[in-house]
**Q** 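Have a look at the structure that comes next, please.
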Amino acid sequence: MRSPRRRPSAVPALLLALALLAGCSGAEDGAGGGAEPEIGAVALDPATSTLALPMDAYTDTEAERIRMGRVQQALLARCMARYGFSYGGAPSEEPAGGAAEDRHRYLFGLADPEFAAAHGYDKEAGRGERVKPSSPPLGESARLVMTGAPDGAPPGTKAVDARSEEEAAGVDSGLSVGGLKVPPGGCQREGYRKLYAPTKDSVDLLFAFDLSSEAHERSKRDSRVRAALAKWSSCMDKSGYGGIDTPYDVIEELGLGEDKAGPKAVTAAKADVACKREVNLVGIWAAVEKAYQERLVNENAEALALYGKQREARFRLAATLA
């Protein structure tokens, strides 16, 4: 256990897996987690928007992530107000417009034929221009309260900090403004701790993300995924795109980084998606990914249960600050 990440198919959405795929292969899990897990039914060319994976229950959607960012800004502003500073915070992101969120859109590389034909590999297409929000300027005292680090400190100097808000109560930052002690790490860290680490037993914010990432890394080494990738690569070779091992390598191998939506990129993207559909790469990989996530969920059930409760507590706090 670890300590405390479209158009429907014209054919039936779900088929029983072939015995070769559905059964336990007997091969070793590439991450040392035992034999490769059995998988259940394999969908045929599923739209990524229809995929449901075990770790989804512990992962914020884009809208939830943006909402939590706003809550953290509100907590930071409350902290700054205690010292007499009005802080509106950096302008927050806005959820991307358009269709409903597809959290697994690029998990296995580009998979939407309509998007490929229209935009190639340009992930930002249709999302509008995104400008990174900039924070308002602060005076010296306000910066001290914000960061918990005095101006002129030697490069690399870290502010006194605490892992949780519970522990912060017993930590002296050694700094004061207006007769009030500055919280460890300043208001920016206080805002984070109150939202994501209020108590000593707070599970690391990245815990669920790390589990999802670990499951994905294991799936990439699975013999069933490797076999499907080999077929995809062969299909790409026949389409005129040789020497590409995985969908993650297409942009770099074809030199599309500077023009992801141009004619060359669109042609390659259409071939990429067509090959995925020809070998059912998304269906096979999603079934394998789900199996590895289920294994990790079972192995980390206690920590995930605590993480889930703390996540719900964050949502309740967000509701009070709405």
Side-chain angles (χ1 to χ4, degrees), residues 5-18 20-23 36-66 95-127 208-209 211-220 222 224-225 227-229 231-232 235 246-248 250 269-298 304 308 311:
R5 173 195 165 274
R6 211 156 287 193
R7 185 178 67 186
S9 173
V11 295
L14 201 63
L15 297 178
L16 290 179
L18 296 174
L20 177 63
L21 289 173
E36 291 179 348
E38 293 185 7
I39 61 176
V42 177
L44 183 59
D45 294 329
T48 53
S49 59
T50 68
L51 299 179
L53 298 176
M55 288 303 300
D56 291 351
Y58 306 96
T59 306
D60 288 353
T61 63
E62 181 185 34
E64 288 169 340
R65 177 184 61 78
I66 291 173
E101 179 179 347
D102 179 357
R103 66 171 72 195
H104 303 304
R105 178 183 291 273
Y106 299 108
L107 183 58
F108 311 114
L110 181 63
D112 183 339
E114 293 181 353
F115 188 93
H119 307 294
Y121 291 100
D122 184 5
K123 295 182 180 180
E124 298 303 314
R127 296 174 65 91
F209 172 82
L211 286 184
S212 296
S213 298
E214 184 173 332
H216 190 57
E217 288 303 311
R218 292 187 185 187
S219 76
K220 288 193 289 187
D222 187 277
R224 295 157 293 192
V225 170
L229 283 171
K231 292 178 182 178
W232 171 87
C235 176
T246 79
Y248 309 128
V250 176
K270 289 166 65 176
D272 176 3
V273 174
C275 285
K276 285 189 177 81
R277 294 170 74 84
E278 180 175 314
V279 304
N280 195 25
L281 180 62
V282 173
I284 294 168
W285 202 338
V288 172
E289 183 101 2
K290 180 178 180 181
Y292 281 104
Q293 285 199 11
E294 287 174 340
R295 173 176 285 179
L296 287 172
V297 166
N298 290 333
L304 280 172
R311 183 166 174 260

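Below, all heavy atoms of this structure are taken into account, side chains as well, without hydrogens, waters or symmetry copies.
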**Q** Who pairs with T50 by side-chain hydrogen bond (donor to acceptor under 3.5 Å, both in side chains), at least two apart in sequence or on another chain?
**A**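 Applying side-chain hydrogen bond (donor to acceptor under 3.5 Å, both in side chains) to T50 gives none.
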
**Q** Does any part of the side chain of P37, heavy atoms only, come nearer than 4.5 Å to the side chain of V288, both counted from C-beta?
**A** no

**Q** For E278, what residues pass the salt bridge (Lys or Arg N to Asp or Glu O under 4.0 Å) criterion, not counting sequence neighbours?
**A**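 Residues passing salt bridge (Lys or Arg N to Asp or Glu O under 4.0 Å) with E278: none at all.
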
**Q** For V273 versus L110, what's the shortest heavy-atom pair and its separation?
**A**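 Closest pair (atom of V273, atom of L110, distance): CG2-O, 3.7 Å.
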
**Q** By salt bridge (Lys or Arg N to Asp or Glu O under 4.0 Å), which residues pair with R103, not counting sequence neighbours?
**A** D56

**Q** How far does CZ of R105 sit from CG of D112, to the nearest 0.5 angstrom?
**A**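 The CZ atom of R105 sits 6.0 Å away from the CG atom of D112.
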
**Q** What distance separates D272 CG from R277 CZ, expressed to the nearest 0.5 Å?
**A** 12.0 Å

**Q** For a quick test of reading the model, state the closest non-hydrogen atom pair linking V297 to P54 and the distance between them.
**A** CG2-CB, 4.1 Å

**Q** Using the rule given for salt bridge (charged side-chain N to carboxylate O under 4.0 Å, His left out), can you reason through R218 versus D222, listing the C-alpha separation, both sets of side-chain angles and the distance that settles it, and then say yes or no?
**A** CA-CA 6 Å; R218 292 187 185 187; D222 187 277; over 6 Å; no

**Q** Looking only at non-hydrogen atoms, find the nearest pair between L107 and H216 and report the distance.
**A**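 In terms of heavy atoms, the two residues are closest at O-CE1, 3.5 Å.
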
**Q** So which pairs with a foot in residues 42-61 pass ring-ring contact (aromatic ring centres under 6.0 Å, His included), sequence neighbours left out?
**A** none

**Q** Hey, what do you get for CG (L53) to CD (Q293), rounding to the nearest 0.5 Å?
**A** 4.5 Å

**Q** Please give me the minimum heavy-atom distance between N280 and A43, naming the atom from each residue.
**A**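 Of all heavy-atom pairs spanning N280 and A43, the closest is ND2-O, 3.1 Å.
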
**Q** Find the distance between OG1 (T61) and CG (D102) and round it off to the nearest 0.5 Å.
**A** 12.5 Å

**Q** Say you draw a straight line from OH of Y106 to OH of Y248; how long is it, rounded to the nearest 0.5 Å?
**A** 13.5 Å

**Q** Apply side chain to side chain contact (heavy atoms under 4.5 Å, CB included) to E294 and L296, showing your working.
**A** CA-CA 5 Å; E294 287 174 340; L296 287 172; over 6 Å; no

**Q** NZ of K290: more than 12 outside heavy atoms within 6.0 angstrom?
**A**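 Incorrect, the count does not exceed 12.
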
**Q** Looking at every heavy atom in both A57 and R311, which two are closest together, and how far apart are they?
**A** O-NH1, 3.0 Å

**Q** With sequence neighbours excluded, what pairs up with K231 under the salt bridge (Lys or Arg N to Asp or Glu O under 4.0 Å) test?
**A** none

**Q** Tell me, please, which residues at least two apart from D122 pass salt bridge (Lys or Arg N to Asp or Glu O under 4.0 Å).
**A**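 Partners of D122 under the salt bridge (Lys or Arg N to Asp or Glu O under 4.0 Å) test: none.
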
**Q** Considering residues at least two apart in sequence or located in another chain, which fulfil the ring pair (Phe, Tyr, Trp, His ring centres under 6.0 Å) criterion with F108?
**A**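 In terms of ring pair (Phe, Tyr, Trp, His ring centres under 6.0 Å), with neighbours along the sequence ignored, F108 is linked to W285.
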
**Q** Flag the pair E62 / R65 as yes when at least one side-chain heavy-atom distance between them is below 4.5 Å, and no otherwise.
**A** yes

**Q** Heavy atoms only: give me the nearest T59-S212 pair and the separation to one decimal.
**A** OG1-OG, 4.4 Å

**Q** Verify side chain to side chain contact (heavy atoms under 4.5 Å, CB included) between L211 and L304, making sure each step is shown before the conclusion.
**A** CA-CA 10 Å; L211 286 184; L304 280 172; 3.9 Å; yes

